[in-house]
Amino acid sequence: MQTLTSYVQDRWIAGQGAAVPLYNATTEQPLAETRAGGIDFAAVLKHARDVGGPALRALSFGERAALLMALSKAIHAAREELIELSVQNAGTTRSDAKFDIDGAIGTLAAYAGFGSALGSRRFLVDGAGVQLGRTARFWGEHVLVPRLGAAVHVNAFNFPAWNMMEKAACALLAGAPVIEKPGTPTALVAWRVAELVVQSGVLPAGAYQFVAGSVGDLLDHMGPQDSLAFTGSSATAAKLRGHANLVRQNVRINLEADSLNCAILGSDVDSSADVYGTFLSNVALDITQKTGQKCTAVRRIFVPKDRVGDVRADLAAALSKLKVGDPAESDTRMGPLASASQLRDVRAGIDRLAAHAEVACGGSKPIREKGYFVAPTLLVARDGRDAAFHAEEVFGPCATILPYDGEPATACELAALGGGGLVASLYSNDAATIEQVVLGLAPWHGRVWVGSDKLADQGLPPGMVLPASIHGGPGRAGGGEELGGLRGLAFYLQRTAVQGFKGYVESSFGCAPGA
Ligand code: NAP
């Protein structure tokens with residue numbers, strides 16, 4: 001059995017203590033194991049701060065961007081092997097595996113592009129300078145400079161490649177050395193990506209460390225220049241937010257948690273509209289892509305009550321014809337969930353929601369003898385305001401149609417019952433509806449996606465996280481923010497106001513080229 005090693009202090013080490021097994025999600029055969037003990041996490045942090053950080057900060061943004069491009073190429077060269085590992089360990093179809101792996105490759109390349117445009121700069125200037133005194137002699141500028149700590153990344157199991165590398169791309173470009181911890185059930189894919197990063201020899205010593213298994217007492221040793229970026233469930237996010245040392249040291253934290261994402265079908269859209277087809281295909285894709293284990297997947301589908309029958313029939317027909325099965329077979333459209341515990345949680349979650357709904361297709365019953373399989377499940381709520389649907393994220397291929405009265409204000413009110421989300425999508429061709437709904441959804445969502453006939457076949461679906469747009473959301477979604485082009489670097493940089501004589505301050509720290 002393969003033991004996943006950790007890469008700490010520039011060497012691979014096997015952990016100690018009890019083994020945590022990883023399984024093939026289709027056959028339930030053990031694939032590998034992690035062992036969490038035996039790592040000196042205080043030394044891991046010190047190595048990042050003392051060795052990796054100075055080496056990265058000695059480089060300009062443009063030079064660090066070149067490192068990201070080299071990493072993107074190194075991972076791309078092993079793309080086929082990574083897809084195969086993902087099919088086995090994460091139960092993904094080839095297409096779902098590409099979503100994760102190409103996401104990692106593409107996000108690194110995108111950040112290489114954002115960084116190379118900064119050329120030889122070593123800090124960023126934030127906005128225009130400002131006169132602070134009676135005369136322009138007393139002047140102020142805002143700068144963003146690299147912080148001096150380690151960037152600790154605790155990642156979720158559902159995107160083992162993308163989640164690690166989208167965080168790493170922002171941190172490394174900002175000049176922060178990273179310590180990556182993947183979600184354990186799919187850590188085989190993350191581990192192989194880590195091995196590729198190390199084998200590439202692209203990064204300076206100490207810039208990249210990887211922990212397979214638990215992070216032990218690492219959080220207890222974090223300090224005020226360190227940062228923690230987390231992706232995972234709201235329950236774990238809440239624990240981390242309240243962690244005594246993180247609170248005491250005011251460690252910078254970014255939390256990306258779960259989300260009851262919604263899709264709203266506007267009352268102006270009838271079945272003949274192009275955007276109705278977009279709505280159906282996006283919702284069906286969200287339910288089934290990565291077997292619904294996508295933080296941005298739609299969970300609540302708000303449909304005008306006089307359209308519920310049509311939408312239910314159309315979606316159920318689309319979902320029922322998809323082949324669910326062995327993800328290695330080319331005609332399979334949906335594979336298993338990633339782990340036995342996910343299967344248990346998803347089945348229980350479907351049962352809890354189904355008690356308040358009609359089951360249009362699917363359900364919690366086992367559909368294969370072996371493997372972590374569940375059917376694509378569409379529920380139709382008896383009452384669109386029922387709290388059950390606005391409280392529980394079933395992290396699998398399950399979504400619920402919630403009837404509403406067709407009024408934009410009602411759709412916004414119902415969307416807000418989710419307590420804060422990553423993405424809400426609206427399907428409408430009516431400009432007044434679009435404006436009202438976007439402004440109503442925005443305070444509660446990190447991203448609002450608008451589909452219309454004008455965009456049919458030209459936009460990317462709402463479940464897709466793009467490096468140039470921010471990802472994250474308020475409230476239940478964690479209150480965090482990642483990506484968004486250069487905005488994603490701010491978490492790893494210190495914004496400092498510089499005040500003094502304009503002649504000095506503006507020439508050194510203003511927006512002049514090379515600043
Ligand atoms: P999870 O159980 O919260 O685990 C997330 C990560 O935290 C894993 O690496 C886990 O390690 C680690 N962890 C768990 N307890 C910890 C603790 N006490 N201290 C330090 N680390 C700890 O979530 P998950 O099951 O992996 O992921 C599914 C959830 O993530 C879903 O709710 C989904 O919505 C959410 N998600 C959100 C986003 C987003 O961008 N907002 C993206 C993807 C997923 P182990 O695996 O070793 O336990």
Side-chain angles (χ1 to χ4, degrees), residues 4 6 15 18-22 33-36 41 90 99-100 103 107 152-164 166-167 179-188 190-191 210-220 222 228-246 253-261 286 290-299 337-346 349 392-396 398 418 420-423 445-447 463-465 469-483 488:
L4 301 186
S6 293
V20 178
L22 279 62
E33 61 188 25
T34 63
R35 287 174 195 274
F41 284 108
F99 193 50
D100 179 36
T107 304
V152 175
H153 295 157
V154 176
N155 300 315
F157 75 85
N158 58 334
F159 282 97
W162 171 80
N163 200 194
M164 176 164 72
E166 55 98 12
K167 283 187 168 59
I179 300 166
E180 299 291 340
K181 183 251 180 291
T184 298
T186 58
L188 187 52
W191 177 83
F210 174 86
V211 177
S214 154
V215 285
D217 64 354
L218 184 145
L219 305 184
D220 295 335
M222 291 184 73
L228 170 67
F230 165 82
T231 299
S233 62
S234 297
T236 310
K239 275 189 216 159
L240 299 185
R241 194 186 282 288
H243 187 281
N245 181 56
L246 303 184
I253 303 183
N254 191 71
L255 301 174
E256 298 289 339
D258 55 41
S259 171
L260 293 163
N261 309 297
D286 257 0
K290 297 203 93 258
T291 319
Q293 299 163 115
K294 220 171 49 179
C295 53
T296 52
V298 67
R299 308 292 173 198
L337 294 159
S339 69
S341 73
Q342 286 296 319
L343 178 63
R344 201 173 45 243
D345 290 353
V346 166
E392 177 163 11
E393 180 202 46
V394 176
F395 200 56
C398 174
L422 296 172
V423 57
H445 296 86
R447 188 156 57 85
M464 199 162 215
V465 174
S469 288
I470 59 162
H471 172 60
R476 178 188 184 121
E481 192 174 289
E482 289 183 336
L483 301 172

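Counting convention: from 1, in listed order, for ligands and their atoms alike.
- Ligand 1 is approached by His471 to a heavy-atom distance shorter than 4.0 Å.
- Nearest protein heavy-atom neighbour of atom 22 (C) of ligand 1: Thr236 CG2, 3.8 Å.
- For ligand 1, the polar-atom distance check finds an N/O of Ser233 within less than 3.5 Å of one of the ligand's N/O atoms.
- Using a 4.5 Å heavy-atom threshold, the side chains of Glu256 and Asn163 count as separate.
- Leu228 is listed as a side-chain neighbour of Val154, based on a closest heavy-atom distance under 4.5 Å.
- In terms of N/O distances under 3.5 Å, ligand 1 is not approached by Ser259.
- There is a protein heavy atom less than 4.0 angstrom from atom 7 (O) of ligand 1.
- Not one N or O on the side chain of Ser339 forms a donor-acceptor pair closer than 3.5 Å with the backbone of Pro185.
- Scanning the protein for heavy atoms near atom 24 (P) of ligand 1, the closest one is Phe157 CD2, 3.6 Å.
- At a threshold of 4.5 Å between non-hydrogen side-chain atoms, the residues Asp286 and Lys294 count as touching.
- Contact between Phe230 and ligand 1 is present, with at least one heavy atom of the residue lying under 4.0 Å from the ligand.
- Judged by the 6.0 Å and 45° rule, Lys290 forms a cation-pi pair with Phe159.
- At least one N or O atom of Lys181, backbone or side chain, sits closer than 3.5 Å to an N or O atom of ligand 1.
- Side-chain atoms of Lys181 never come within 3.5 Å of backbone atoms of Asn155 as a donor-acceptor pair (strictly under, hydrogens ignored).
- Under the 4.0 angstrom criterion for non-hydrogen atoms, His243 is not in contact with ligand 1.
- Met222 has its side chain within reach of Leu246: a pair of non-hydrogen atoms, C-beta onward, lies under 4.5 Å apart.
- Residue Ser234 places no heavy atom under 4.0 Å from ligand 1.
- At a 4.0 Å heavy-atom cut-off, ligand 1 touches Val154 through the side chain alone.
- Ala257 O, 2.8 Å is the protein heavy atom nearest to atom 41 (N) of ligand 1.
- If you check which protein heavy atom lies closest to atom 9 (O) of ligand 1, you get Asn155 O, 2.7 Å.
- The distance from atom CG of Asp258 to atom OG1 of Thr231, rounded to the nearest 0.5 Å, is 11.5 Å.
- Here the side chains of Thr296 and Ser259 are not in contact, with every heavy-atom distance at 4.5 Å or above.
- Between Gly213 and ligand 1, not a single N/O pair is under 3.5 Å apart.
- Those atoms of ligand 1 with a heavy atom of Asn158 less than 4.0 angstrom away are 43 (C), 44 (C).
- Side chains of Leu22 and Thr34 form a contact here, defined as non-hydrogen atoms less than 4.5 Å apart.
- In terms of polar-atom proximity, defined here as any N/O pair under 3.5 Å, Phe395 makes no such contact with ligand 1.
- Polar contact with ligand 1: absent for Leu240 (N/O pair, distance under 3.5 Å).
- At a heavy-atom cutoff of 4.0 Å, ligand 1 is contacted by no atom of Lys294, backbone or side chain.
- Polar contact check, Lys239 against ligand 1: no nitrogen or oxygen pair lies under 3.5 Å apart.
- Residue contacts with ligand 1, taken as heavy atom pairs separated by less than 4.0 Å, do not involve Val465 at all.
- Side-chain atoms of Glu393 and Ser234, non-hydrogen and from C-beta on, never get closer than 4.5 Å to each other.
- Judged purely by distance below 3.5 Å, without hydrogens or angles, the side chains of Glu180 and His153 pair a donor atom with an acceptor atom.
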